[in-house]
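Notes follow the structure.
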There are 2 protein chains.
Amino acid sequence: MTETDIHTIHKKFFNIVKLTVELEKTPRHFGTDELLTSTEIRLIEAIGDNGETDSVTELANLLGVTKGAVSQNLKKTEKRGLTTKDEDPENLSRSIVGLTSKGKTAYYAHKHWHETMDGGFKYYFTEMNQAQLDFLHEVLSKIETFLKSAMQ
Amino acid sequence: MTETDIHTIHKKFFNIVKLTVELEKTPRHFGTDELLTSTEIRLIEAIGDNGETDSVTELANLLGVTKGAVSQNLKKTEKRGLTTKDEDPENLSRSIVGLTSKGKTAYYAHKHWHETMDGGFKYYFTEMNQAQLDFLHEVLSKIETFLKSAMQ
DNA sequence: TCAAAAGTGTATAGTATCTATACTCTAAAT
DNA sequence: ATTTAGAGTATAGATACTATACACTTTTGA
């Protein structure tokens with residue numbers, strides 16, 4: 001094992017952050033003929049995760065954006081045949097957002113993609129012993145705490 | 001030390017990525033009266049790093065965007081009194097981009113901010129022994145390789 | 001009960017950041 | 001000398017938001 005310095009680790013860390021963001025942002029098909037941006041697949045993910053029972057406002061809160069933003073994005077995904085929007089029979093001012101079959105395909109393909117990604121990511125941890133896992137956890141916790149404090 | 005599972009580490013890791021991106025994106029003053037976005041401070045950083053000798057095209061290549069994007073952003077920072085643009089006396093079709101005193105203030109304040117941040121980040125590694133540093137380096141390298149392969 | 005208040009979704013203008021195209025210059029090449 | 005290449009810019013369009021204003025429905029409370 002070659003000796004490494006702190007600077008190399010620091011650089012590697014930020015490169016990983018950069019790669020993760022890039023990977024997340026890359027538009028993909030997710031089993032459909034539509035190229036879905038990260039915003040679109042995150043919307044579809046949020047709709048499917050609650051069993052297609054959420055309203056526009058609820059989705060906005062889940063996604064951390066305004067309801068106007070969700071409304072705009074839903075208009076686009078609806079036009080592309082991915083999502084649906086129906087009046088809530090128990091509350092006519094509310095809409096229930098759902099997925100079409102194409103939307104469901106994307107939802108499950110994305111879930112599968114995530115499982116594969118997470119599996120590949122986690123693979124490198126399975127070889128570790130408990131002491132190593134605990135060490136890694138401690139390091140990450142300290143970095144996390146530091147970043148949180150830096151954000152005020 | 002409490003025992004940790006892989007899932008916790010995985011979650012922590014992605015939270016750190018999220019926090020890092022947020023921290024980077026937060027607009028700051030950097031010692032001036034102007035609130036500078038990440039795009040603006042990255043532009044100022046690129047200008048200053050080469051001693052204010054770069055052209056628009058060179059900055060675009062450094063930043064990984066089109067020259068049109070740099071041209072647009074320079075127009076805004078110039079209007080706000082942060083950057084300058086002068087004809088290259090040796091090539092009249094080329095412009096040399098520089099910093100005003102306000103721009104220089106932001107440049108150095110940003111440098112200092114980065115040093116503080118990096119210092120805080122690296123602090124957690126100084127307590128480690130060589131075996132721990134090597135272990136961390138190995139883990140990060142594997143993750144980096146995995147992410148690169150996932151990007152095609 | 002019924003008017004005010006609160007909540008739901010949407011339209012629209014505006015912001016930020018980028019690309020792509022077209023254009024005007026200037027410089028270089030043959 | 002004229003074509004070609006390069007530099008910078010203007011502008012339109014894409015993406016993804018926020019903020020405001022609005023119409024409509026529901027809840028509330030006197």
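Letters A, B, ... mirror the listed sequences (proteins, then strands); counts begin at 1. Basis for what follows: all heavy atoms, side chains included, without hydrogens, waters or symmetry-related copies.
Comment: A:Glu58 engages A:Arg94 in a salt bridge, judged by a side-chain N to carboxylate O separation of less than 4.0 angstrom. Using a cutoff of 4.0 Å between basic side-chain nitrogens and carboxylate oxygens, A:Glu52 and A:Lys104 are scored as salt-bridged. One finds a salt bridge joining B:Glu40 and B:Arg80 here, because a Lys/Arg side-chain nitrogen approaches an Asp/Glu carboxylate oxygen to under 4.0 Å. Of the charged side-chain nitrogens involved, none lies within less than 4.0 Å of a carboxylate oxygen, so that B:Asp49 and B:Arg42 do not count as a salt-bridged pair. A salt bridge does not link B:Lys148 with A:Glu22: every distance from a Lys NZ or Arg NE/NH1/NH2 to an Asp or Glu carboxylate oxygen is 4.0 Å or more. Using a 4.0 Å cut-off between a side-chain N of Lys or Arg and a carboxylate O of Asp or Glu, A:Glu115 and A:Lys122 do not qualify as a salt bridge.
Residue B:Lys76 contributes atom NZ, which lies 14 Å from atom C1' of D:dT9 at whole-angstrom precision. Note: CD (B:Glu24) to C1' (C:dA16) measures 15 Å, nearest angstrom. Nucleotide C:dG7 holds its P atom 12 Å from the CG atom of A:Asn61, rounded to whole Å. To the nearest angstrom, P of D:dG6 lies 20 Å from CD of B:Glu87. Following rounding to the nearest Å, A:Lys79 (NZ) and D:dT15 (C1') show an atom-to-atom distance of 15 Å. One can place NZ of A:Lys25 at 13 Å from C1' of D:dC17, the figure rounded to the nearest angstrom. With rounding to whole Å, A:Asn73 atom CG is found 13 Å from D:dA14 atom C1'. To the nearest angstrom, P of D:dG6 lies 14 Å from CD of B:Glu58.
Interface residues of residues 30-53 of chain A facing DNA chain C, ordered by number: none; criterion, heavy-atom separation under 4.0 Å.
Comparing B:Ile96 and A:Pro89, the nucleotide of DNA chain D nearest to each residue sits closer to the 5' end for B:Ile96.
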(request) Sugar-phosphate atoms are those with a prime plus P, OP1 and OP2; base atoms are the rest. Using that split, label each nucleotide of nucleotides 19-30 of chain C B, S or - for protein heavy atoms under 4.0 Å, 5' to 3'. (result) B------SS---

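Look at B:Ser55 and you'll find a side-chain N or O under 4.0 angstrom from OP1 or OP2 of D:dG8. Within the structure, every side-chain polar atom (N or O) of B:Lys75 is placed at least 4.0 Å from both OP1 and OP2 of D:dG8.
In this structure, B:Ile96 is not a member of the same hydrophobic cluster as B:Leu92, with clusters built from ILVMFWY side-chain heavy atoms closer than 4.5 Å.
Note that the OG1 atom of A:Thr105 and the CG atom of A:Leu99 stand 9.5 Å from one another [nearest 0.5 Å]. Expressed to the nearest 0.5 Å, how far CG of A:Leu74 lies from CD1 of A:Ile44 amounts to 9.5 Å.
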